[in-house]
Asker: 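Handing you this structure, nothing more for now.
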Amino acid sequence: MPIFVLPFPVIDPVAVNVGPLPLRWYALAYIGGFIFGWLGLRALVANDALWSRGQPRPSRESLDDLLVFVAFGVILGGRLGHVLIYDPAFYFAHPLEVFQTWKGGMAFHGGLIGATIGMFLFARRSGVPLLTVSDICAAVAPIGIFFGRLANFIKPEMWGRETDVPWAMAFPGAGDATRHPSQLYEAGLEGVALGALLLFAAQRGALKQPGLITGLFGVGYGLARIFCEFFREPDPVQEALPNGLTMGMVLSAPLILLGGAAIMFALRPRSATA
């Protein structure tokens, strides 16, 4: 046991009661992610310096529609991803539990697929290139990831592996062992660090090369998630795989490959396609 253990800051999962309706931190994380993401999208499309002259991009007015498409994709895809990938037997036996999202259970990779479908539908409807739509969404996605990981910490869920580091915590529901606060690692890497990288890239002209921000997000998130998986305790039934692998690692590896392909496509010599 470590000499000093950080106390877990037990927080009521209900942030505030609006009449008879309890508003949970989990829901607030999604609401905050969408609101701040929407504000980020508006700032990106309004800044002419970030775009090439005449480059098609969504109008600020159309971003409301984009938010709706992506929000539905994230929520539906995230929930279905968790149900179908991590615990299908349980949910098939208890179908009403599928709708009880306040108990947790949202898969990032399912949400990403849902968001991609939403972006595709918006791009087709608005006539804006899909890569441009995915670039601006990827640029603000770390905002939502950051809030989501904080919600994981508050709940608490997705805690870390046992450790004796000075900042170890004993999480309620995880026994007496002290563990890595892996949710905060993910909030820092997948949220803050990745967001800073994508913002820097956008300011350096990455939006002028469609697909570059999308590719950087795929590679950055995939590497950050795989790294954090070494510190997060996988569910022995739903997530643990042979040879020390986890489901999160396996699902993140294709993001690195797809992201690398998107980066190469974005940086290809333009004369090669002339």
Asker: Can you tell me if Ser134 and Thr214 form a side-chain donor-acceptor pair at under 3.5 Å?
Answerer: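 Result is yes, a qualifying pair exists.
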Asker: Taking all heavy atoms of Leu44 and all of Trp51, pick out the closest pair and write down the distance.
Answerer: O-NE1, 2.9 Å
Asker: Got a second to check how far Leu199's CG is from Arg204's CZ, nearest 0.5 Å?
Answerer: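 Those atoms lie 12.5 Å apart.
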Asker: Above 12 or not: heavy atoms from other molecules or residues under 6.0 Å from CZ of Phe36?
Answerer: no
Asker: Measuring only between side-chain heavy atoms, which start at C-beta, is Leu121 closer than 4.5 Å to Arg125?
Answerer: no
Asker: Apply side chain to side chain contact (heavy atoms under 4.5 Å, CB included) to Ile154 and list each qualifying residue two or more places apart in sequence or on a separate chain.
Answerer: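 Here the qualifying residues are Ile11, Trp25.
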Asker: Within the 3.5 Å criterion, strictly below it, is a donor on Thr246 or Glu229 matched to an acceptor on the partner's side chain?
Answerer: yes
Asker: Given Lys155 and Gln183, is the side chain to side chain contact (heavy atoms under 4.5 Å, CB included) satisfied, shown in steps?
Answerer: CA-CA 11 Å; Lys155 192 176 184 300; Gln183 312 96 322; over 6 Å; no
Asker: What distance do Ile226 atom CD1 and Leu255 atom CG have between them, rounded to the nearest 0.5 Å?
Answerer: 8.5 Å
Asker: Quick one: does Asn17's side chain get under 4.5 Å of Leu23's, heavy atoms only?
Answerer: no
Asker: Report yes or no: does Arg149 contribute a side-chain atom to a donor-acceptor pair with the main-chain N or O of Ala187 at less than 3.5 Å?
Answerer: no
Asker: Using the side chain to side chain contact (heavy atoms under 4.5 Å, CB included) rule, take Met169 and Phe8 through it: C-alpha gap first, then chi angles, then the decisive distance, then the call.
Answerer: CA-CA 6 Å; Met169 291 184 176; Phe8 178 78; 4.2 Å; yes
Asker: Please round to the nearest 0.5 Å and tell me the distance separating atom CZ of Phe171 and atom CZ of Arg179.
Answerer: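 Phe171 CZ to Arg179 CZ: 9.0 Å, rounded to 0.5 Å.
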Asker: Within a 6.0 Å radius of atom OH on Tyr185, are there more than 12 heavy atoms belonging to other residues, nucleotides or ligands?
Answerer: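 Yes - once you tally the heavy atoms of other residues, nucleotides and ligands closer than 6.0 Å, there are more than 12.
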Asker: Within the side chain of Asn243, is there an N or O that forms a donor-acceptor pair under 3.5 Å with the backbone of Leu245?
Answerer: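 No: the side chain of Asn243 does not pair with the backbone of Leu245.
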Asker: Looking at every heavy atom in both Phe153 and Pro181, which two are closest together, and how far apart are they?
Answerer: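 Smallest heavy-atom distance, with atoms named: CE1-CB, 4.3 Å.
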Asker: What residues, two or more places apart in sequence or in another chain, satisfy salt bridge (charged side-chain N to carboxylate O under 4.0 Å, His left out) together with Arg42?
Answerer: none
Asker: Over 60° means perpendicular and under 30° means parallel, so tell me whether Phe217 and Phe108 are parallel, tilted or perpendicular.
Answerer: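 Rings of Phe217 and Phe108: tilted, as their planes differ by 30° to 60°.
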Asker: Is it true that a side-chain atom of Arg79 and a backbone atom of Val98 form a donor plus acceptor pair closer than 3.5 Å?
Answerer: yes
